[in-house]
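Below is one structure, written out as structure tokens; comments come after it.
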Amino acid sequence: MAPVAVTSTARRRTGAAAAYSVLGLVAVLFALPFGWLVLAALDGEASLSAGLPDRLTLDNFSAVLTFDISLRPILNGLVLAGGSALITIVAGTLCAYPLSRFQLRFKRPFLYTVLFATGLPVTAVMVPVYGLFVRLDALDSTFATTLFLAATSLPYAIWLMKGFIDGVPVELEEAAWVDGASRMTTLWRMVVPLVLPGASVVTLFTFMLAWGNFFVPFVLIQSPEKLPAAVAIHQFFSQFGAVAYGQLAAYSLIYSAPVVLVYLVISKVLGGAFTLSGATKG
Amino acid sequence: MSGPRTPPAVAARHPNLRRALGPMAPALLLLTVFFAGPIGWTFYAAFTDSALTGPGAADTMFVGFDNFTQLFSDPRFWDSVLLTVVFVFFSAIVGQNLLGLFLALVMRGRARAARGAVGAIVVAAWVIPEIVAGYVWFAFLSDDGTLNSLLRGLGLEGTSWLVMTPMLAVILANVWRGTAFSMLVYSAALSEVPTDLLEAASVDGAGPLRRLWHIVLPLIKRTMVSNLMLVTLQTLSLFTLIFVMTAGGPGTKSQTLPLYMYEQAFKLFQIGYGTAVALVLLSIGAVAGLVYVRVLKVEV
């Protein structure tokens, strides 16, 4: 018995060593492209190649942290992404509640359509949506663009919220209905508090998607003073990208900060390392 | 999506469509105006010579299948289809999916600190906005970029990656960006594979590869199908990353369908023609979506 045990321990040890080397290699390969982003942002004379700055400086940050270059676009982005996240979660929860609680004849086809819609490529709809916005005279409107972003997130929000509400026992509500409470009251007072962790993940996830979305505002919004950060950074790149690499890197970091923060919050809410996987696996 | 879960056997004593429609109204309105509407309009516009700006918008003509005849006889369209297939196959189905599965497998049972550190770097690539990922890779692969500096340091000759090998460049960038998603999905699935099953097989003499093939893969088959569908759909409609890195170029050497559509509709203002391309994209997405619903037999 003894030699077998030794071999298997030895083999396990080699296996672990191999696994850690592979993980180390992957980490280095994935980290390499990030090198430029961080180093160039802190470098007064940054180029396109990652290199140690002669002297660390925050000049790049102060150069782009002006109202016109980054602050107004960030505010616009917050309005756009925050607004669409709020609309999505409110409309999505309201829509999911009857789907979870009522016996409805159209429920199955509706839910299948919703699930189907989660897979449709939003990019493909942008040509007709542009046409729609031209006809509705809604082009360049922050409000209409917010509504559109909310609509694109609604299918998965409805789908996930229905799942969360299914998990809340209806007996809780029934007692309150007997006492004369309305359905909206029990939804608001009993169901919402219980699905709050799931609902906040859906809200934050919608925010992340909208904040990072470039194509939608790129097509639908034109006035420079209405552009969110996603498009403003692209304009900055087109104008100064060829010269001010350090500033581009600094702007990229500033623009990325909110979603990184939101992601960390989501991980905390879900209380595990494997964020969002529960929401996306089949 | 949430798994097959039996809905609670709850029936409103008086099933009332009107009472359900009240709370559902805002969502239904938004979905009709901004989702169903544009898709329906796609079907109509693809058969017209619609131009959306200027006086041409007033007298739109119905042109039947002209846009599609033109589209299907346009070699540039077929080039674009081929590039899209190559892009989706290598960056999503092979790259993200297999690398994600591989990372999830390697990370299983490793020290928490190592998992956390590697996971954080891989996930960071996925969390940053797509356009920033585009800049990061633009800088990494430019003539004076980090990769060529590193190669020079090793005494090797670099090349203009974005010009000479644009498809390889965008494929690598998309693998880098999207692997985290598959990794997270597979990690969650693997955490539900019972350890005692694997240990029992190990005692019976099954090596790691046989355990993977005969136990792990069959158990995560559903996850695999759904992950493949999701990464395919995400990659199919990917625009920003390629737009920033190569803008579909040089020439049309990395012009996948979304970039072709963008060029036709918004740069050449051929809205009808661009919509026909959009309809092709939508149809591929719809087929993938149907497969997703059918294969997984999702319970609602």
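Here is how names work: the chains are called A, B, and so on, in the same order as the sequence lines, proteins then strands, and each is numbered from 1. Computed from a predicted model, the values in this text were never measured in an experiment. Hydrogens, waters and symmetry mates are skipped; everything else that's a heavy atom, side chains included, is used.
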Part of B:Val123 within contact of chain A (heavy atom distance under 4.5 Å) | side chain

Does any heavy atom of chain A fall under 4.5 Å from the side chain of B:Ala117, the backbone, both, or neither of them?
-> neither

Between the CE atom in A:Met184 and the CZ atom in B:Arg19, the distance rounded to the nearest 0.5 Å is 9.5 Å

Side chain, backbone, both or neither: which part of A:Val129 has a non-hydrogen atom closer than 4.5 Å to chain B?
-> both

Who wins among B:Val136, B:Val118, B:Leu105, B:Leu141 for the most heavy-atom pairs under 4.5 Å with chain A?
-> B:Val136

Option among B:Trp176, B:Trp137, B:Tyr135 that satisfies the ring pair (Phe, Tyr, Trp, His ring centres under 6.0 Å) test with A:Phe34 | B:Trp176

Would a 4.5 Å heavy-atom cut-off, applied to side chains only, mark A:Val259 and B:Pro129 as touching?
-> yes

If you look at every heavy atom in B:Ala20 and A:Leu104, which pair is closest and at what distance?
-> CB-CD2, 3.7 Å

Could you pull out the closest heavy-atom pair between B:Phe35 and A:Pro155, with the gap in Å?
-> CE1-CG, 4.2 Å

So what's closer than 4.5 Å to chain B heavy atoms on A:Ala31: side chain, backbone, both or neither?
-> both

Step through the shown structure and confirm whether more than 12 heavy atoms of other residues, nucleotides or ligands are within 6.0 Å of CZ on B:Phe266.
-> yes

When only pairs under 4.5 Å are counted, which of B:Asn227, B:Leu281, B:Val244, B:Asp144 shares the most heavy-atom pairs with chain A?
-> B:Asp144

Relative to chain A, which segment of B:Tyr186 carries a heavy atom at a distance below 4.5 Å: side chain, backbone, both, or neither?
-> neither

Minimum heavy-atom separation for A:Tyr20 to B:Ala114, with atom names?
-> CE2-CB, 3.6 Å

Taking the inter-plane angle between the rings of B:Phe239 and A:Phe218 on a 0 to 90° scale, is it parallel (under 30°), tilted (30 to 60°) or perpendicular (over 60°)?
-> tilted

Is it the backbone or the side chain of B:Thr179 that comes under 4.5 Å from a heavy atom of chain A, or both, or neither?
-> side chain

Separation between CG of A:Leu132 and OG1 of B:Thr42, rounded to the nearest 0.5 Å | 10.0 Å

Against chain B, label A:Ile158 side chain, backbone, both or neither, depending on which of its atoms sit under 4.5 Å from a heavy atom there.
-> side chain

Within-4.5 Å side-chain heavy-atom neighbours: A:His234 and B:Phe243 = yes

Which portion of B:Ser142 sits near chain A, non-hydrogen atoms under 4.5 angstrom = side chain

Would you mind reporting whether B:Leu290 and A:Phe116 have side-chain heavy atoms less than 4.5 Å apart?
-> yes

Between chain A and each of B:Leu147, B:Leu279, B:Leu29, B:Val122, count heavy-atom pairs under 4.5 Å; write down the option with the most.
-> B:Val122

Do you know which of B:Val33, B:Thr240, B:Thr275 has the most heavy-atom pairs under 4.5 Å to chain A?
-> B:Thr240

Taking A:Tyr251, A:Tyr255, A:Tyr97, A:Phe133 one by one, which has the highest count of heavy-atom pairs under 4.5 Å against chain B?
-> A:Tyr255

Given the rule in the side chain to side chain contact (heavy atoms under 4.5 Å, CB included) test, do A:Val22 and B:Phe102 qualify, once you have shown the distances and angles that lead to the verdict?
-> CA-CA 10 Å; A:Val22 167; B:Phe102 176 75; 3.5 Å; yes

Counting heavy-atom pairs under 4.5 angstrom with chain B, the leader among A:Gly212, A:Ala18, A:Ala19 is A:Ala19

Heavy-atom distance under 4.5 Å between the side chains of B:Leu103 and A:Leu23, does that happen here?
-> yes

Region of A:Val262 that comes under 4.5 Å of a non-hydrogen atom in chain B | neither

Got A:Pro128 and B:Trp41 here, is their nearest side-chain heavy-atom distance under 4.5 Å?
-> yes

At a heavy-atom separation under 4.5 Å, does A:Leu37 approach chain B through its side chain, its backbone, both, or neither?
-> side chain

For B:Ala124, is it the side chain, the backbone, both or neither that has a heavy atom under 4.5 Å from a heavy atom of chain A?
-> both

Between A:Ala157 and chain B, which part of the residue has a heavy atom less than 4.5 Å away: side chain, backbone, both or neither?
-> neither

Chain B interface, residue from A:Ala27, A:Pro33, A:Ser252 that has the most non-hydrogen pairs under 4.5 Å = A:Pro33

A:Pro121 and B:Ser237 have their tightest heavy-atom pair at CB-CB, 3.3 Å

If every non-hydrogen atom of B:Val127 is compared with every non-hydrogen atom of A:Val260, which pair is closest and at what distance?
-> CG1-CA, 3.9 Å

Can you tell if the side chain of A:Leu120 reaches within under 4.5 Å of the side chain of B:Ile39, non-hydrogen atoms only?
-> yes

What distance do B:Leu99 atom CG and A:Phe30 atom CZ have between them, rounded to the nearest 0.5 Å?
-> 5.0 Å

d(A:Thr123 OG1, B:Met261 CE) to nearest 0.5 Å is 6.5 Å

Side chain, backbone, both or neither: which part of A:Ala117 has a non-hydrogen atom closer than 4.5 Å to chain B?
-> both

Which pair of heavy atoms, one from A:Pro98 and one from B:Met24, lies closest together, and at what distance?
-> CG-CG, 3.8 Å

Count the heavy atoms belonging to other residues, nucleotides or ligands that lie under 6.0 Å from CZ of B:Phe43, then report whether that count exceeds 12.
-> no

Which portion of B:Leu150 sits near chain A, non-hydrogen atoms under 4.5 angstrom = side chain

If you round to the nearest 0.5 Å, how far is SG of A:Cys95 from CG of B:Leu31?
-> 7.0 Å

For B:Ala265, is it the side chain, the backbone, both, or neither that has a heavy atom closer than 4.5 Å to a heavy atom of chain A?
-> side chain

Could you have a look at B:Gly22, B:Gly37, B:Ala111, B:Ala36 and say which one has the most heavy-atom pairs with chain A under 4.5 angstrom?
-> B:Ala111

Rounding to 0.5 Å, atoms CD1 (A:Ile87) and CG (B:Leu30) come to a distance of 7.0 Å

Give the member of B:Ala286, B:Gly274, B:Ser149 that has the highest number of heavy-atom pairs under 4.5 Å with chain A.
-> B:Ala286

Applying a strict 4.5 Å limit to non-hydrogen atoms, the region of A:Phe215 in contact with chain B is both

Part of B:Leu28 lying under 4.5 Å from any heavy atom of chain A = side chain

Side chain, backbone, both or neither: which part of B:Ile131 has an atom under 4.5 Å from a heavy atom of chain A?
-> side chain

